[in-house]
Amino acid sequence: MGCGTKEPKITQLCLAAIQRLMSHEVVSETAAGNIINMLWQLMENSLEELKLLQTVLVLLTTNTVVHDEALSKAIVLCFRLHFTKDNITNNTAAATVRQVVTVVFERMVAEDERHRDIIEQPVLVQANSNRRSVSTLKPCAKDAYMLFQDLCQLVNADAPYWLVGMTEMTRTFGLELLESVLNDFPQVFLQHQEFSFLLKERVCPLVIKLFSPNIKFRQGSSSSSSPAPVEKPYFPICMRLLRVVSVLIKQFYSLLVTECEIFLSLLVKFLDADKPQWLRAVAVESIHRLCVQPQLLRSFCQSYDMKQHSTKVFRDIVNALGSFIQSLFLVPPTGNPATTNQAGNNNSGGTVSAPANSGMLGIGGGVTLLPAFEYRGTWIPILTITVQGSAKATYLEMLDKVEPPTIPEGYAMSVAFHCLLDLVRGITSMIEGELGEVETECQTTTEAASSPTQSSEEQELQSTSDQMDKEIVNRAVWEEMVNACWCGLLAALSLLLDASTDEAATENILKAELTMAALCGRLGLVTSRDAFITAICKGSLPPHYALTILNTTTAATLSNKSYSIQGQSVMMISPSSESHQQVVAVGQPLAVQPQGTVMLTSKNIQCMRTLLNLAHCHGAVLGTSWQLVLATLQHLVWILGLKPSSGGALKPGRAVDGPSTVLTTAVMTDLPVISNILSRLFESSQYLDDVSLHHLINALCSLSLEAMDMAYGNNKEPSLFAVAKLLETGLVNMHRIEILWRPLTGHLLEVCQHPNSRMREWGAEALTSLIKAGLTFNHDPPLSQNQRLQLLLLNPLKEMSSINHPDIRLKQLECVLQILQSQGDSLGPGWPLVLGVMGAIRNDQGESLIRTAFQCLQLVVTDFLPTMPCTCLQIVVDVAGSFGLHNQELNISLTSIGLLWNISDYFFQRGETIEKELNKEEAAQQKQAEEKGVILHRPFHPAPPFDCLWLCLYAKLGELCVDPRPAVRKSAGQTLFSTIGAHGTLLQHSTWHTVIWKVL
């Protein structure tokens, strides 16, 4: 009654009293109805508006007595107050409406909580149920349903069903309310059929309808051509729609698969070059929100890309980002294409620095260049927008703006750039996480299966097969995700890599390319893996560098192919040379006829480090692309002038052929680091599995073959990268040397025969180092118990005897000498090989070789006769005799006769043991021969083996007695007679016969 007086003073007091009553919860339903009617009258007379709003809020929040008509009346009251002339009332009313809407839905959630324990009888809702069928809902849910339905009606500019008495409403406010409900109460829509029905039947069509002006609109197209003027896109509505769409996709994707397909295709369309700048900016922000949710992207891929007749949504999103980035480089960022040729391009809101001065900034001394992308004269700054992995939007939050904001230059590019990075980061971490789980699960199940419990075995099998199925499904999804996105990603990333002038941005791009390459490698997707690796390789080398391997292999099919992205033809762009990068090194290209010099920039070095990093951390998945990686590294090492040193490590060395390489101090400090990483890279080959190791060795061998081809016919400095790295790889993999020894040494033996002396020398250096290392390595089981391995290791040494280059033979003999000095005691079955190497030196091979070989022989006779198997003694006699016949140096011939005398002494002293051993060996051989059915051939056969040994010695001396040189004849004769005189008693009678007739 008091409020009915309409006297301001009294009204205030009464409202305060009513609020007091309500807060003590002493208001019944009927009373509440009366209060609302009374408030309505005050509203119509526009009295005490703020107090009214306060009262409504207290009434609805303290208790739940207000329902149905009364509730709708209270809500309408707030809406009506929102549209008064008074600013303060407007804002307060807007806040109240938001709160009231929230309260209505909170009540519903609370009601669901209360009834959760009572198991509901599911009510059958007919499929074509009328939208009014809310009879099944409980009271609070019914209110919420009616309210939400009317919000849709109002946004659609239709009359509400429930909020009777509304006079006006704005679309923007309606969309904000819809968004907040969808965002805050997703469970309501997911749990109640009626609400999900509203989503599908009302919200989605509404959103699609409201989007239409944006779809049809073409920037710069004259409206006269179309009969009806096209409605221009309106920023506030469009931006709110995109917010609603973001919520719909994020929260209700599972309910709205088909609808989301439409929304996503629209988002992609909004990136087109003919859309207004602000629309493209908010669209790219919306896409960024999706890119930071890898699980969501995964479900797109499963629901669309992997279905037969569906749009390839995920692929389109990535490709759209790619072509969006390209369009930003190719189209000047102006509002209206007609005015682009005006100077300065100032009409886009922000001032655009003309390309000419952007490049000049660096020249002015201490001026720091802004981080930016620059490509063919288009200069786009990089803005820092968000922390990685979170999509913080700017323009999607501008709820107060009516006019579209001017987008700062570079903003859209920066968001798109972050989209790509977050996309790569999300996908790779998700897939690699899942791959890791699969791998660990497989290990645990195999371990569990090997445990001896009988009963659980069936379950084990079951779970393993389930796992296999799950893995097959997962693998299909992973492969599809990578296949869908790699083309677009690569095109965009390689363009950005080329355009980037900022070290941090370059680092991020390279990291993305590296993680993608590694992921493709792990999934076994060879084409895409090689494509990403090629991109990093190209980035490492100077522009237009003629590297055959990048142009001949799979790379060619990628680099020269235009991808067609959404019908636009997009060329894969190869690096443009005019980017403003600091040149840090000038060197000679590695080519048969080097023309001039090439320059490396700091960005090339950065790419090179990424390449090293890739090979170091992901060597196991590189497979055949080792070839690409190593070829690129070889060229870089050559340009930087790194030369091999001991052990195969590359050190900065100055070449003899003049000052062709110029390095700045920046690189000089980097070089030791780079050479260090290079060595570490090959050291880490010990952790590769056998297959990957073979890929690495094959790649190095084929590189080395190329280098050999280039070094033919000239004595220029050859590239020794491959040989040095083969040596390094061999040295660190000694523990499993058997699996790579044959290809490794086989190739190095070829290198040893090369006409270029530097090349040859390094081949021999590598080979002998490997043999020495192999013999000293602590094998398991040790070499003394593993004869096969020992012979395998020594074999290449014997093979070197067939090479005619004296420098190689010298290396070979030096190696033998070192082996004798370090391992002589333990050669065992390797003796025939080693002695054979000494005996293979021919008369015409120059004095120094003969001298070195003879040195080895002297060492053997003085130190090692007791340690070698007695069967080898005859070979020693033969070798010593052959040196006596060499006619290069008289002294050697004479000394070798002396050696024969020493040998005969040794025979005499150790006669019994030698005889025993030889007889044992003879018996064994005899037995073998009988088994095979062949006759045993041995010189002086009928005599016993020990006598035969003596006969060999006498026969050698006998040959020397008829040597053309008198001094040799005299010495040999004397020695022969004194040996027969001294040791003749050891021979048997029948043998004397042979001595007299065959020798003398």
Side-chain angles (χ1 to χ4, degrees), residues 644-648 720 723-724 726-734 737-738 740-742 744-754 757-779 783-784 787 789-842 845-864 867-868 872 875-876 879 883:
S645 63
S646 62
L720 299 169
V723 173
L726 277 170
L727 165 59
E728 227 175 358
T729 312
L731 291 177
V732 295
N733 285 291
M734 271 302 161
I737 195 69
E738 281 181 68
L740 57 139
W741 188 250
R742 286 209 166 82
L744 196 61
T745 52
H747 177 75
L748 289 173
L749 282 165
E750 283 176 41
V751 180
C752 291
Q753 298 169 35
H754 197 279
S757 58
R758 269 287 280 166
M759 188 112 219
R760 214 170 44 221
E761 177 195 342
W762 257 95
E765 169 68 30
L767 191 53
T768 51
S769 304
L770 280 170
I771 295 172
K772 287 184 290 201
L775 291 172
T776 49
F777 184 77
N778 196 353
H779 293 276
L783 280 183
S784 51
Q787 294 192 3
L789 180 59
Q790 188 180 30
L791 293 175
L792 180 71
L793 290 173
L794 284 168
N795 200 36
L797 201 55
K798 185 185 94 185
E799 309 259 321
M800 287 172 87
S801 303
S802 59
I803 299 172
N804 287 330
H805 297 289
D807 49 351
I808 301 298
R809 297 300 288 278
L810 195 58
K811 280 260 191 218
Q812 177 200 25
L813 290 169
E814 281 168 5
C815 179
V816 168
L817 198 54
Q818 285 165 322
I819 290 176
L820 288 174
Q821 284 159 352
S822 63
Q823 311 292 124
D825 320 339
S826 54
L827 275 175
W831 274 108
L833 270 176
V834 175
L835 293 167
V837 171
M838 300 174 211
I841 295 295
R842 293 197 313 277
Q845 278 183 318
E847 217 170 292
S848 63
L849 275 185
I850 297 179
R851 195 166 275 151
T852 314
F854 191 62
Q855 219 178 333
C856 295
L857 180 68
Q858 281 176 298
L859 186 66
V860 172
V861 174
T862 50
D863 293 6
F864 295 118
T867 60
M868 66 172 73
C872 299
I875 310 178
V876 179
V879 174
F883 276 106

Option passing side-chain contact (heavy atoms from CB on, under 4.5 Å) with Met838 (candidates Ile875, Val860, Leu817, Val876): Val860
Side-chain (His779) to main-chain (Gly774) donor-acceptor, under 3.5 angstrom: yes
Smallest separation among heavy atoms of Cys752 and Ile803, with atom names: CB-CD1, 3.6 Å
Side chain proximity check, Leu727 to Leu748, heavy atoms < 4.5 angstrom: no
Side chain Arg809, main chain Ser801, donor-acceptor under 3.5 Å: yes
Closest contact, heavy atoms only, Glu761 versus Lys811: O-CE, 4.0 Å
Ile737 vs Leu789, side-chain contact (heavy atoms from CB on, under 4.5 Å): CA-CA, chis, key distance, verdict: CA-CA 9 Å; Ile737 195 69; Leu789 180 59; 4.2 Å; yes
Check: Trp741 side chain, Leu792 main-chain N or O, donor-acceptor pair, under 3.5 Å: yes
Test item: Ile808 and Gln753 side chains (from C-beta on) under 4.5 Å apart, heavy atoms: no
Test side-chain contact (heavy atoms from CB on, under 4.5 Å) applied to Lys772 and Cys815, step by step: CA-CA 7 Å; Lys772 287 184 290 201; Cys815 179; 3.9 Å; yes
Spatial distance of atom CE (Met800) from atom CG (Leu813) [nearest 0.5 Å]: 9.0 Å
Value rounded to 0.5 Å, distance of CG in Leu857 from CG in Leu835: 8.0 Å
Nearest-0.5 Å distance that lies between atom CG in Leu775 and atom CD in Gln818: 11.5 Å
Inter-residue atom distance Arg742.CZ - Asn795.CG, 0.5 Å rounding: 7.5 Å
Minimum heavy-atom distance between Ile771 and Pro796, given as atom pair plus value: CD1-CB, 4.1 Å
Which atom of Val723 lies closest to which atom of Ala766, heavy atoms considered: CG1-CB, 4.0 Å
Distance-minimising heavy-atom pair for Leu731 and Ser769: CD2-O, 4.3 Å
Rounded distance [0.5 Å steps], CD in Gln812 versus CD in Glu814: 10.5 Å
Nearest-0.5 Å distance, NZ of residue Lys798 to CG of residue Leu791: 9.5 Å
Minimum heavy-atom distance between Met759 and Leu720, given as atom pair plus value: CA-CD2, 4.0 Å
